[in-house]
There are 2 protein chains.
Amino acid sequence: MPPTPPPAERKRTRTPGATRQRILEAAEALAREAGPSNLSLDAVAAEAGVSKGGLLYHFPSKLALFEGLVEHHLSKTDDALQSRERTGAPDAVISGYIEQFRQDMACHRPPPASLLAVLVENPGLLEPVRRHQRDFLERIRTNAADPEFATVAFLVVNALRSMELLGTDMLDDDEITDMLAWLEARLAQG
Amino acid sequence: MPPTPPPAERKRTRTPGATRQRILEAAEALAREAGPSNLSLDAVAAEAGVSKGGLLYHFPSKLALFEGLVEHHLSKTDDALQSRERTGAPDAVISGYIEQFRQDMACHRPPPASLLAVLVENPGLLEPVRRHQRDFLERIRTNAADPEFATVAFLVVNALRSMELLGTDMLDDDEITDMLAWLEARLAQG
DNA sequence: TTGACTTTACCGACCAGACGGTATAGCTGC
DNA sequence: GCAGCTATACCGTCTGGTCGGTAAAGTCAA
């Protein structure tokens with residue numbers, strides 16, 4: 001146990017959690033480029049430009065690093081989504097989800113490859129992600145004019161995201177665009 | 001250690017690929033129960049009741065074992081599906097896919113967890129699976145009365161399968177059943 | 001039929017390297 | 001000097017893979 005696990009919020013000294021962030025993003029990049037199975041502590045440390053000791057200072061174990069990755073992912077996606085469902089308009093949640101996916105695609109946001117490593121090595125750590133997803137689907141449904149179709153739309157977007165993550169792309173960009181448009185058209189017409 | 005771990009089933013001469021099959025199924029079971037990251041050669045050999053040397057006789061490297069797993073999976077799913085699309089009736093292919101999924105669910109067929117190990121450790125080996133999936137979607141579309149909706153149905157089933165594989169189940173059995181019924185109803189009404 | 005030989009199927013000891021993790025010492029700004 | 005941070009050296013374990021060996025089944029000429 002380190003005296004204090006990084007205080008997360010600091011006042012004036014240097015940049016607060018800069019190294020921590022760099023490590024998380026390095027791990028993410030490494031999982032994406034070298035494959036999730038190459039996510040060793042040494043490799044992550046090297047990628048982040050930090051020694052192994054430095055890495056283990058910020059994350060006292062690999063499990064802690066994985067927890068950090070999950071949290072990192074969750075906070076990113078959560079921020080992106082919650083800003084979209086402010087309006088209580090019908091179907092705002094599912095529409096926001098679709099729109100978010102479209103935007104991620106447009107700017108080539110890479111899929112969260114590090115979560116694959118977590119899934120394979122320590123599936124239990126993904127429980128927060130599962131909870132988040134379940135809650136989100138719940139919100140989609142209660143907010144939807146046609147909950148059944150909204151669920152379909154959610155599943156379709158999920159399938160597209162899974163395909164991207166697993167590298168089993170079957171639709172090209174145009175086909176995906178068409179598919180999203182199709183979903184939105186049905187949503188609009190009720 | 002018994003000199004021969006029970007030969008299981010033998011007819012008259014040694015059954016040709018019996019041990020090989022046993023190894024593949026042991027690997028599959030191990031990936032499912034102990035997690036894909038625990039798919040080491042030692043563990044697979046132990047699960048299959050074979051020495052490591054014996055395992056490496058049938059699969060001269062881990063890569064070869066993974067190739068075997070992919071092929072194993074592919075032949076199983078291919079057999080199941082091709083028998084369903086014999087009739088050239090409209091929407092036979094997508095309907096067969098849905099029906100197959102329903103049946104897999106009914107008899108609690110486990111998801112192909114070993115493919116996760118392959119994906120993480122050697123994604124390139126999944127190319128045959130990708131090709132198979134692409135071809136299958138192609139067949140669904142050319143056979144469909146409404147290709148766009150058939151694609152939606154395909155993606156929904158894919159999403160459900162992914163959720164099962166990744167353990168991120170968000171719908172319970174009843175909801176899934178309803179969803180499949182919903183898809184089939186739309187297909188039927190054209 | 002038999003005995004020499006080849007092939008098939010399998011075993012288990014061993015190895016070099018990678019891995020997660022520990023211990024400890026060094027640096028740097030306040 | 002001291003807290004926060006980083007670096008290096010090292011340890012035990014596990015991993016994929018090699019290797020020499022063995023025992024049974026098949027092949028075939030004499």
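Order of the sequence lines fixes the chain letters, A, B, ..., with proteins taken first and strands second; residue numbering starts at 1 for each chain.
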Quick check: closest heavy atoms across A:R134 and B:D169, and the distance to 0.1 Å?
NH1-O, 3.1 Å
Applying the 4.5 Å side-chain criterion to the ILVMFWY set and letting contacts propagate, would B:L165 and B:V120 be lumped into a single cluster?
no
Considering only D:dG16, C:dC11, D:dT8, which nucleotide approaches the side chain of A:S51 most closely?
D:dT8
To the nearest Å, how far apart are A:Y57 OH and C:dG21 P?
18 Å
Would you kindly give the CG-to-C1' distance between A:L39 and C:dG20, to the nearest whole Å?
13 Å
Hey, is the main chain of B:V93 close enough, under 3.5 Å, to the side chain of B:N143 for a donor-acceptor pair?
yes
Classify the side-chain pair B:S114/B:E28 by whether it contains a donor and acceptor separated by less than 3.5 Å.
yes
Looking at A:H58, does any N or O in its side chain come under 4.0 Å of the phosphate oxygens OP1/OP2 on D:dT6?
yes
Would you indicate which nucleotide in C:dG20, C:dC11, D:dG16 comes nearest to any side-chain atom of B:D42?
D:dG16
Under 4.0 Å between a side-chain N or O of B:T19 and OP1 or OP2 of C:dC10?
yes
If the cut-off is 4.0 Å, is A:K62 near the phosphate of C:dG20, judged by side-chain N/O to OP1 or OP2?
yes
B:I23 has an atom CD1; how far is it from atom C1' of C:dC10, in whole Å?
10 Å
I need the CZ-P distance between B:F66 and D:dG16, as an integer number of Å.
8 Å
Let me know the distance between CG of A:N38 and P of C:dC19, rounded to the nearest Å.
8 Å
Please determine if a side-chain N or O atom of B:S40 lies less than 4.0 Å away from the OP1 or OP2 oxygen of D:dC14.
no
Base, sugar-phosphate or nothing for B:L56? Non-hydrogen atoms, less than 4.0 Å.
base
Could you tell me how far apart B:Q21 (CD) and C:dA9 (P) are, to the nearest whole angstrom?
14 Å
What is the distance, to the nearest angstrom, from the CD atom on A:E121 to the P atom on C:dA18?
17 Å
Expressed in angstrom and rounded to an integer, what is the separation of A:L55 atom CG from D:dG4 atom P?
19 Å
Among all residues two or more places apart in sequence or in another chain, which pass the ring pair (Phe, Tyr, Trp, His ring centres under 6.0 Å) test with B:F136?
B:Y97
